[in-house]
Structure formats: structure tokens, C-alpha cells
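Please read the structure below before turning to the comments.
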Amino acid sequence: SKTSAKELMAAAGVPVLPGLTLGDSDELPAGLAGLAAARVGFPLLVKAAFGGGGRGMRAVHDATELTEAVTGARREAKSAFGDGTVFLERLVQKPRHIEVQIFADTFGQVVHLFERECSIQRRYQKIIEEAPSPAVSAELRAELGAAAVAAGKAIGYVGAGTVEFILDQSGEFFFLEVNTRLQVEHPVTELVTGLDLVALQFLVAEGKPLPPAATDAALSGHAIEARLYAEDVAAGYLPAAGTLHRFEIPDRPGLRVDAGYRSGDTVSVYYDPMLAKVIAHAPTREQAARLLARALAESRLHGVVTNRDLLVGIFREPEFLAGQIDTGYLDRHPAAELMAADPRRDEAHALAVALADQALRRESAPVLAAVPSGWRNVANAAQHVTYATAGASHEIAYRLISGFGETQVQATVNGAPVSLRLLACTPGLVDYEANGLRRVVRVSRDGDARYADSPLGASVLAEQPRFPLPESAVAAGSLVAPMPGMIARVAVAAGDLVRTGQPLVFLEAMKMEHSIRAPHDGTVTEVRVTAGQAVDQAAVLVVLSTGDEETS
């Protein structure tokens, strides 16, 4: 219970924020907004008392949002943790999330193993953690450590635990919670201390005292951990599911990978979408960030959309590199900006994929298999192919004009002429030089999808049919399921008038509740789902009418 924990911490002299608890079965008081304003103040956070990971948490900026936030948080907390108790807590502006690793044995020894910074978050869930924090001085480190040790002693703690704090801009810190376990981000502490925290857990469980290596631990270098998630960042960090056709992260000195998946595995909708933790350890923070950015950029992740490009963008962003981060970092730095790709990437990859696809066809040709890919004996006749990427299409035309070896190629990319020197061309790798710039692109396939990886980044392309069949277009503003899941609640009925942004259906998937909101004002003409119903991705949930047209 986070509420009981706060009471214990206050009694032990650990700084805590003011709050207000609402029990699982309590009726919401009529004057809730006034009570919250008097005891807590706005803005505030609604938080699940018996959970974590951002589930059952809502930010409330004024009194008009409070009732809906409390109701939604209770429902999500009840579903996730079996108890809908929530509490209201003051929302600190631009806070940093700092946590302290503690360890205690059965002989009364409680030590801290320094702090971790976990400020970069989305949906109140951490995506990047590091040790030590760039914001914590030696003096503040001693204060945080002393408060964490006091917290451990106050509850007679034994084993590995984490005491979490928020740090405001003035340098004051306040207790959040104690995680009575080893946390996802424990590898960064292991790398900067040289300790094996799991081995220490066994040692303590066997009734032995903490060794001098733990009681006299020292910091060495800097470690940063990135949580690699199966999620569609551009669509609002929606969890993704499917088959990981290829899952390869390069092996580099100073890099550690703790993965839960490998190539060929299926990412299901029933579990948290984290695929792996990728951790870098280096003498300095900047070196660790560079190592992580390079390793993630060179990873081959095919079949399921991930947050890889977001992570790479963060590790190369100047404000992050300067250590100027807080829990609002991703609000100040939109994902679209952090993930902005080199404008040459998709065109370069489309050209490489066209050549690789032709090499694959030549490789399986029953006659003249030795003829170079794309060779034509008709003057000025070129091969034509179009590939689609997210939001764009790329038309490639090419013709070989020489024999074997380093082959000369005439080509156009989206109508612009390119003179190429083809150094190598196989179904899986294309090595070419264009306008004096060399590109090496690795290509793989799954069905209609082509995956291209190079130092420019990664692209997913689909070859477009030369003579496509007419297909029905999806109506603008379609209210469909963004992923497979379970309908948690339907908030409207046929005939209801709705406003833009109003929540209509709540979908539960990957341990989170997602609201499907009205894209425009209108009338609900049809509701196609009920609470408790399982739905597939793209299933129509609600049909809206605006008067002149109908969208579903």
C-alpha cells in the first residue's frame, strides 16, 4: 500500500508529499474538488495505491477533470491489481525521478548502492534509466542515500529494494514508494558498482551478511539502460504485437543485452510489450549514450514496430546529452522530431531493395541465371518498380549498361537521374556508390514486406502492384481498434450526441487501458461492441454520423 508506506516514511523522517486517499468502495464525496484543493492542491496526480508502472495513474490540472480521472484510475487499478483504492498527490512541476538502490541483510545492515535517474518516461513508465544521475551532487547523493537507508530500517527491510523519490528544481526531494524487489533497471547499478545484485540476494537469503564489496561499494563510470519496446510511437505509444522475424542487436564492448525475445518469437497482446533491455557502460555519460545510439541504430528489428528510433533520437539530442532532463522531457521534445529520419534514407533503401529483389529473381531464374541483375538487351528499356513506405511511395527505374564485375547502372529515383556503380548485389546485400557516396544496405523479406538496414537507419517497404485492384478506402475518422484487445467499457449508446475528443470506448491491451475518442462532433449511429468482448486490430467499434456523411 503506497498510502501506508507514506505514513511510515513520514514517521521515519523521510520527506513526503501531501495526499488524500479514496478507498476501493468509498463513494466519491460531493465536495471532492474542494477537498482536493485544500489538502493537495492543483495540479495533482491520481495514483493506484496498490500498483505501479503507470497503471491507474492520471494527471489532473483543474477541478473539472477530477471526477473522470478518479473514476478511470479506479477502474484500471481494480482490473490490474484487484483493488481500486487510489490516492491524490501533489504534482511537482518539472520533477526528476530519482531512485536509490538499497540492500539489507538479516544482521541489521542496510546500505545504499547509489542512485539511478529514471526521468525519461512515457505514460508514466520509464524508458531510459541511468546511474549515476547527472543532477545529483556528492552532497545530495549522501542525503538521498541516508533517507533511503532510513526508509529500509523503518520497515525492517531485508534483501534488495528500491526507494523512489521525486526531485524538484530547487533540489528538494520527496518519497514516492518502495519497490520491494529487484527492478527492471538494476543492471545500471550492477555495471557502475561491479556487484551482482542477484547473487547478493541469494547470499542474504542464505542468512549471510553483506560482504565488504557491498558495504564499501564505489561508483565507476556511467551506465545507461534503454527499454526496447514493441510499440508504435507515432500512433501515441500504442503497444504492438506480431512475429519478430528478425531480432538482432550487435555485440559491442561495453554493451549488455538482457532480452526476452529472439528471432521468430511472437509478441502477444497479453503481456508487457518490453522486448529487451540494452545497457551501455562507459567511462563517461556521453560515451555511454553514443555507444547505445550506435548499437540500437545498427540493430535489425523486423516484423514488429518498436521504439528504437525514438531511443536513438534521445541519445543524440543535445538537451539529453547535457543532462537537462525531467519527467516532461518527451512533452518538450515531440517524438516526431526525435525520430526524424535522414531524408535520403527511404529513397536510398528503395533503390537498394529494387536491385536486391531483382537479384533474388535472377538467382531463381531457370535460364541465364549468371546474367547480372537488371540487365536488359533492349536499348533504353528500364525495369520499373514502386515501393511504399510509411506515408510515401518511391518509384525506381534502372537499367544495367555494362557487363560483369563493378556494374554501371542507369537509374532514376522518383524521376531524378542517378548514376550508380554497383559493387555487389545479392538478395540480402547491396553495395553501391551513388554520386561519390557509398551505401551498403542489408535487405530481408517477409511476405510483401522488405526490411532495409544501413547506417542511414531502417526502412520497411512494400512493393506495389503494377496494376492494383480497386479497394475501398477507409473513411476518415474511422473508430477502429488500434490493436487486438478486450473491451473494458463502452461509454456511449446509439443515438448519443458526442463532442470531439470525448471517450467512447475503453480498450484493454498489454496491461494498459486505452481510450478510443471521437474524432469530430456527431451522433452515435451504431455501437458494434460490448464490454468483455475480444476484438482484433482494425475491428470497427463505433459508427458516427455528422449529418452529411457517416464514418465508422
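We use all heavy atoms of the structure for the numbers below, so side chains are in, but hydrogens, waters and symmetry mates are not.
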Reported [atom1]-to-[atom2] distance for the pair [X] and [Y], which is rounded to 0.5 angstrom:
| X | Y | atom1 | atom2 | value |
| --- | --- | --- | --- | --- |
| His520 | Gln502 | NE2 | CD | 12.5 Å |
| Thr85 | Arg74 | OG1 | CZ | 7.5 Å |
| His61 | Phe42 | NE2 | CZ | 11.0 Å |

message: Test side chain to side chain contact (heavy atoms under 4.5 Å, CB included) on Leu22 and Glu27; report intermediate values, then the result.
response: CA-CA 8 Å; Leu22 299 171; Glu27 291 289 330; over 6 Å; no

Closest non-hydrogen atom pair, [X] against [Y]:
| X | Y | result |
| --- | --- | --- |
| Ile166 | Leu176 | CG2-CD1, 3.4 Å |
| Ser299 | Pro250 | OG-CD, 3.4 Å |
| Leu113 | Ala217 | CD2-CB, 3.8 Å |
| Leu321 | Ala289 | CD2-CB, 3.8 Å |
| Gly221 | Pro132 | O-CD, 3.7 Å |
| Gly242 | Val304 | C-CG2, 3.6 Å |

Any ion pair linking [Y] and [X] (charged N to carboxylate O, less than 4.0 Å)?
| X | Y | answer |
| --- | --- | --- |
| Arg96 | Asp168 | no |
| Asp105 | Lys208 | no |
| Glu319 | Arg332 | yes |
| Arg58 | Glu68 | no |
| Glu185 | Lys277 | no |

field: With Glu231 via salt bridge (Lys or Arg N to Asp or Glu O under 4.0 Å) - residues at least two apart
entry: Arg122

- request: Among residues two or more places apart or on two chains, list those pairs meeting salt bridge (Lys or Arg N to Asp or Glu O under 4.0 Å) that have a residue in residues 80-90.
  value: Lys6-Glu89, Lys47-Glu89

- prompt: Is Arg75 atom CZ crowded by more than 12 heavy atoms from other residues, nucleotides or ligands, each under 6.0 Å away?
  reply: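 More than 12 within 6.0 Å, yes.
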
message: Looking at Arg489, I'd like to know if its CZ atom is crowded, meaning that more than 12 non-hydrogen atoms belonging to other residues, nucleotides or ligands lie closer than 6.0 Å.
response: yes

message: Let's go through Val111 and Asp216 carefully: what are the C-alpha distance in whole Å and the side-chain angles of both, what is the deciding distance for side chain to side chain contact (heavy atoms under 4.5 Å, CB included) to 0.1 Å, and is it a yes or a no?
response: CA-CA 9 Å; Val111 299; Asp216 302 323; over 6 Å; no

Is the shortest side-chain heavy-atom distance between [X] and [Y] below 4.5 Å?
| X | Y | result |
| --- | --- | --- |
| Glu129 | Glu117 | no |
| Val198 | Leu182 | yes |
| Phe315 | Ile224 | yes |
| Pro15 | Glu172 | no |
| Ile128 | Arg227 | no |
| Gln121 | His97 | yes |
| Arg256 | His281 | no |
| Thr189 | Leu195 | no |

query: Can the ring centroids of Phe165 and Phe174 be said to lie less than 6.0 angstrom from one another?
result: no

task: Tell me yes or no: between the side chains of Tyr329 and Glu317, is some donor less than 3.5 Å from an acceptor?
output: yes

message: Checking Gln183 against Glu164: is there a side-chain donor and acceptor pair closer than 3.5 Å?
response: yes

field: Trace of the side chain to side chain donor-acceptor pair (under 3.5 Å) decision for Arg517 with Ser515
entry: CA-CA 6 Å; Arg517 297 174 179 269; Ser515 59; 3.1 Å; yes

task: Please assess His186 against Gln101 for the test side chain to side chain donor-acceptor pair (under 3.5 Å), listing each intermediate value before the final yes or no.
output: CA-CA 8 Å; His186 78 273; Gln101 177 73 58; over 6 Å; no

- request: Begin with the C-alpha distance, continue with both residues' side-chain angles, and end with the deciding distance and a verdict on salt bridge (charged side-chain N to carboxylate O under 4.0 Å, His left out) for Glu99 and Arg116.
  value: CA-CA 5 Å; Glu99 60 188 32; Arg116 299 185 286 256; 2.8 Å; yes

message: Does the structure place the NZ or CZ of Arg55 under 6.0 Å from the centre of the six-membered ring of Phe81, at an angle of no more than 45° from the ring's axis?
response: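 Verdict for Phe81: no cation-pi partner in Arg55.
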
message: One pair to check against side chain to side chain contact (heavy atoms under 4.5 Å, CB included): Leu311 and Leu338. What are the steps and the verdict?
response: CA-CA 8 Å; Leu311 296 170; Leu338 292 168; over 6 Å; no

- request: Say whether, by atom type as modelled, one donor and one acceptor occur between the side chain of Ser133 and the main chain of Ala135 under 3.5 angstrom.
  value: yes

field: Side chain Tyr157, main chain Ala160, donor-acceptor under 3.5 Å
entry: yes

Side chain to side chain contact (heavy atoms under 4.5 Å, CB included) between Thr71 and Leu28, worked out: CA-CA 9 Å; Thr71 303; Leu28 295 185; 4.3 Å; yes

